[in-house]
Amino acid sequence: MNSDKTFYTQATLLQALNDWGIASRTLEHPAVFRVGEGDEIKAALPGAHTKNLFLKDDKGQLWLISAEQQTQINLKALPKLIGSGRLSFGSEARLHDALGVRPGSVTALALINDPEQKVKFILDRRLHDAEIVNFHPLINTATTALTQAEFRRFQEKLGRDYKVVDFSNLAPG
């Protein structure tokens, strides 16, 4: 694992968004580690809230899945849907090395820390269709809201390819 890598931080990420002319709104709050926590915080932020999974398949490919927080994801059926090998959760060390974040702070905005695009990105159809999306800005003590247009501009600035998946077609696992 490469520990010499310099990663964006919350401050440098938000500065990059600003420099790119991407409008965002960030709310600082107590740490939130998983879906279901911080509902009172989310009530203050309109739009779709997210859950993010960092996965590795049995061929070594890394995956980031960003889904609307209520979306059910069947990990057993997922490989066929996204074209991966058998999936498992990536380790904390692998997560940090690939995206520069720690567990609880996994976010699509961390793709800024993956310029070589080693991590394949899957976006839930419900997030893709949401007018506003909310992600942690590389740390779980804040949430950044972007309009869908601004989130797509962010992906374009990164030159990211991603696949939009409708998880509602998968039976819960």
Side-chain angles (χ1 to χ4, degrees), residues 1-28 31-33 47-68 73 78-79 81-128 130 132-165 167:
M1 304 277 165
N2 178 8
S3 58
D4 300 338
K5 203 169 176 180
T6 301
F7 293 112
Y8 280 80
T9 63
Q10 176 185 353
T12 57
L13 166 70
L14 295 177
Q15 185 60 54
L17 293 176
N18 188 56
D19 291 348
W20 292 337
I22 296 174
S24 66
R25 176 177 160 231
T26 299
L27 177 68
E28 304 284 334
V32 175
F33 291 94
H49 292 272
T50 59
K51 65 178 170 188
N52 298 274
L53 306 177
F54 178 72
L55 305 168
K56 178 182 89 63
D57 72 18
D58 58 5
K59 298 171 187 144
Q61 176 62 55
L62 302 175
W63 299 84
L64 174 63
I65 297 178
S66 290
E68 196 277 332
I73 299 174
L78 190 55
L81 190 64
I82 65 174
S84 74
R86 190 174 49 82
L87 293 161
S88 60
F89 287 96
S91 69
E92 180 174 352
R94 186 170 273 122
L95 168 63
H96 187 263
D97 189 58
L99 295 175
V101 294
R102 299 287 180 203
S105 299
V106 181
T107 171
L109 299 178
L111 293 169
I112 198 169
N113 284 327
D114 181 31
E116 294 107 27
Q117 300 192 22
K118 293 179 180 174
V119 179
K120 290 191 177 183
F121 182 45
I122 303 295
L123 184 65
D124 180 7
R125 164 82 44 210
R126 290 166 72 181
L127 280 185
H128 181 268
I132 297 172
V133 291
N134 293 283
F135 291 100
H136 287 312
L138 309 180
I139 192 157
N140 65 355
T141 55
T143 298
T144 296
L146 299 162
T147 65
Q148 187 62 237
E150 298 292 20
F151 181 61
R152 290 182 185 167
R153 284 187 57 217
F154 172 74
Q155 297 298 333
E156 288 167 15
K157 280 290 190 186
L158 300 182
R160 288 303 298 210
D161 286 329
Y162 58 93
K163 182 175 184 174
V164 178
V165 172
F167 291 106

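- For the pair I65 and N52, the minimum side-chain heavy-atom distance is 4.5 Å or more.
- A side-chain contact (heavy atoms from CB on, under 4.5 Å) with L109 is found for exactly one of T107, L111, V106, namely T107.
- In this structure, the side chains of Y162 and L64 stay at 4.5 Å or more apart for every pair of heavy atoms.
- By the side chain to side chain contact (heavy atoms under 4.5 Å, CB included) test, A98 is found to be paired with F54, L62, V119, residues two or more places apart in sequence or in another chain being considered.
- The minimum heavy-atom distance between K59 and D57, with the atom names listed, is N-OD1, 2.9 Å.
- In this structure, the side chains of L95 and V101 come closer than 4.5 Å at one or more pairs of heavy atoms.
- In plain terms, the two heavy atoms of I139 and H136 that are nearest each other are O-CB, 3.3 Å.
- The side-chain heavy atoms of F7 and H96, taken from C-beta on, include a pair separated by under 4.5 Å.
- Rounded to the nearest 0.5 Å, atoms CD1 (I132) and CD (E150) are 11.0 Å apart.
- Checking side-chain atoms of R102 against main-chain N and O of N140 turns up no donor-acceptor pair under 3.5 Å.
- Note that CZ of R160 and NZ of K120 are 10.5 Å apart. Values are rounded to the nearest 0.5 Å.
- For the pair A142 and P137, the tightest heavy-atom approach, listed with the atom from each and the gap, is O-CD, 3.1 Å.
- Minimum interatomic distance between A145 and N134 (heavy atoms only, all atoms of both residues): CB-OD1, 3.1 Å.
- Between the OG1 atom of T147 and the CZ atom of R25 there is a distance of 13.0 Å, given to the nearest 0.5 Å.
- The shortest distance between side-chain heavy atoms of V133 and Q148 falls below 4.5 Å.
- Rounded to the nearest 0.5 angstrom, R125 CZ and L127 CG are separated by 11.0 Å.
- The closest side-chain heavy-atom distance from Q155 to L123 is not below 4.5 Å.
- Two residues are said to be in side-chain contact when any heavy atoms from C-beta on lie closer than 4.5 Å; I122 and L78 fail this criterion.
- Between F121 and S66, the shortest heavy-atom distance links the atoms CE1-OG, 3.4 Å.
- The main-chain N or O of Q10 is never found under 3.5 Å from a side-chain atom of Q15 such that the two would form a donor-acceptor pair.
- Side-chain contact between L55 and F89 is present, with heavy atoms from C-beta onward closer than 4.5 Å.
- The heavy-atom pair separating G21 from R153 by the smallest distance is O-NH1, 2.9 Å.
- Distance check: R126 CZ to F167 CZ gives 11.0 Å after rounding to the nearest 0.5 Å.
- Other residues, nucleotides and ligands place more than 12 heavy atoms under 6.0 Å from the CZ atom of F154.
- Interatomic distance, CG of L13 versus CD1 of I112, reported as 5.0 Å (0.5 Å rounding).
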